[in-house]
Structure formats: C-alpha cells, structure tokens
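Quick one: structure below, then a few questions.
Every number for a ligand or one of its atoms is a count from 1 in the order of the listing. Remember, it's a predicted structure, so these values are computed and weren't measured experimentally. Heavy atoms only: backbone and side chains are in, while hydrogens, waters and symmetry mates are out.
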Amino acid sequence: MRFDSLDAIFFDLDDTLLDHRGAVRRGLHDVYHLYPAFFGSLDFAQVHAAWHAINEAIWEEYSRGLLTAGELRLQRARQLVEWVRSMLGATAGIAPEEIRDSYMQCYENHCTLYDGVLPMLDALKDRYTLGIITNGFASVQRRKIGGTELGSRIGHVIVSEEVGVHKPDAGIFRIALASANAEAAGSVYVGDNYLWDVRGAAGAGMATVWYNAIGTHRPAEYADVDPQAEVRSIGDLASLFGITLERSPQS
Ligand SMILES: [Mg+2]
C-alpha cells in the first residue's frame with residue numbers, strides 16, 4: 001500500500017507515541033521509594049508484576065463499563081494495598097487514596113515521547129492531517145499531550161472518556177474521522193494494541209499500521225484482520241511515509 005498517498009494519519013498515544021510502559025514502571029518505582037516502611041521487604045520487581053496484573057484486570061473491567069474512571073484509580077490502589085498486606089502480613093498502615101494520588105503524580109512526571117516522535121511529526125504535519133485517538137482519562141491524557149509538545153503538532157485529539165465510546169468500538173474512529181473531516185479510505189491508524197488499535201480501526205474502514213515495538217506475536221484469535229504494515233520503531237514508521245530521521249531511533 002502507498003502510505004504517502006493518504007490524507008490523514010491518526011495515532012494511538014500510549015506505547016505508540018508516548019512511553020507509557022516506561023512511565024508506569026518509573027512512576028511506580030518512585031512510589032516504592034516514597035513508602036519504604038509500607039513495601040517492607042518486597043522487592044520492586046514483585047511490586048511491579050503485581051501492579052501490572054492488577055492494572056490489566058481492572059482496565060478490562062473499566063472497558064466493559066463496570067467501573068468509572070475514579071473507581072478504577074481508587075480500586076487498583078486498594079488492591080495493591082491488599083496485595084502488600086497479603087504478602088507481608090501486618091504492615092505499616094497507608095491509605096489507598098495516598099497511593100492513588102502519589103502514583104498518578106509520579107506516573108505523569110515520567111511521561112515522555114519515544115525518540116524520533118517530534119521530528120517525525122514535524123516532517124508529517126504539513127503534508128497530512130494528524131490526529132490522536134486514545135482510550136483513557138480526559139484530564140490525564142490532555143495533560144500528557146500538552147506536556148509533551150504533541151498538542152502543537154497534532155490538531156485532532158479524541159479521548160474516549162470525552163466522547164463516551166472507546167477503542168475497539170468503530171464509533172470512536174468514526175468520531176475522529178468526522179472531527180478531522182477525513183475519509184476512512186484516505187486514512188491510516190497507527191497503534192500498538194492489536195485488538196484496540198488494529199482491529200478497531202480496520203472495523204471503521206481505515207488502513208492500519210501495527211506498532212509492535214516489543215515484538216509480540218499476533219494473538220491467534222485475531223487472524224481475521226491484517227494490518228497494512230507492521231513496524232518495530234519510530235524510524236521504521238517514519239520511513240513508511242518517506243521520511244528518514246537523522247538518527248535511527250530505537251523505541
Ligand atoms: Mg497503546
């Protein structure tokens with residue numbers, strides 16, 4: 001497929017343009033060091049693995065509409081506190097609200113873009129309509145976009161909490177296309193999550209690029225949808241659109 005003949009490029013945010021996975025790990029690491037009496041003899045790798053499992057399960061509940069955003073944030077902190085207690089027995093008392101608030105602050109402090117994202121967008125922004133379609137909390141996603149200089153380069157930002165529909169529902173992609181006055185047939189969506197991003201955007205009739213930086217295998221149950229391209233780095237992504245970045249950043 002000729003990517004350079006398209007009119008519009010829409011991106012996922014977390015783990016596509018922005019190193020969300022790294023921010024989670026570094027933010028949680030800060031929290032771990034803020035409360036040494038609470039985390040006691042647990043090592044950080046254990047805490048990180050527990051947090052990852054709690055977060056995956058609770059986002060699944062949130063995506064099925066079983067929780068509000070506020071409930072998600074409090075409940076995952078509460079589950080972490082319960083997990084620490086189950087591992088250590090009696091521990092220093094801590095309010096889940098404190099873990100919730102300090103985690104969100106520490107996480108946001110560590111949100112940075114992958115190398116090469118801003119030069120790539122600078123080369124694209126005069127040739128294509130650019131947008132972001134992200135599942136997440138409006139206030140958090142908007143701060144991340146504003147704080148990383150994406151906001152000045154990408155005109156159309158759609159956050160699931162604001163529009164009341166989330167990926168992989170084709171509706172959120174259609175809302176984004178309408179907001180950018182773009183046609184699905186002339187648009188591509190780039191994202192890391194096979195279900196949410198590749199299948200979701202394909203369901204709305206868009207071309208798709210799977211941003212598979214960590215080299216995961218495609219889930220077998222999704223063999224029915226092929227992306228038009230799969231890339232491993234921002235440099236590879238830029239080259240689909242005929243752009244050579246000065247260094248070849250690895251993301
Ligand atoms: Mg993502």
Donor + acceptor pair across side chains of Q105, D101 (<3.5 Å): no

Show me the donor-acceptor pairs, under 3.5 Å and distance only, between side chains in residues 124-132 and residues at least two apart or in other chains.
| unit_1 | atom_1 | unit_2 | atom_2 | d |
| --- | --- | --- | --- | --- |
| R127 | NH2 | F241 | O | 3.1 |

Distance filter under 2.8 Å, centred on the Mg ion (ligand 1) - protein N, O or S atoms that pass it: D12 OD2, D14 O, D192 OD1

Taking side-chain hydrogen bond (donor to acceptor under 3.5 Å, both in side chains) as the test, write out the residues that go with N135, two or more places apart. none

What I want to find out is whether E162 reaches R142 closely enough, with some N-O distance under 4.0 Å, to be called a salt bridge. yes

Which side-chain hydrogen bond (donor to acceptor under 3.5 Å, both in side chains) pairs, counting each pair once, include a residue from residues 73-84, with sequence neighbours left out? N55-R76

Option among T216, T16, V231, V225 that satisfies the side-chain contact (heavy atoms from CB on, under 4.5 Å) test with W210: T216

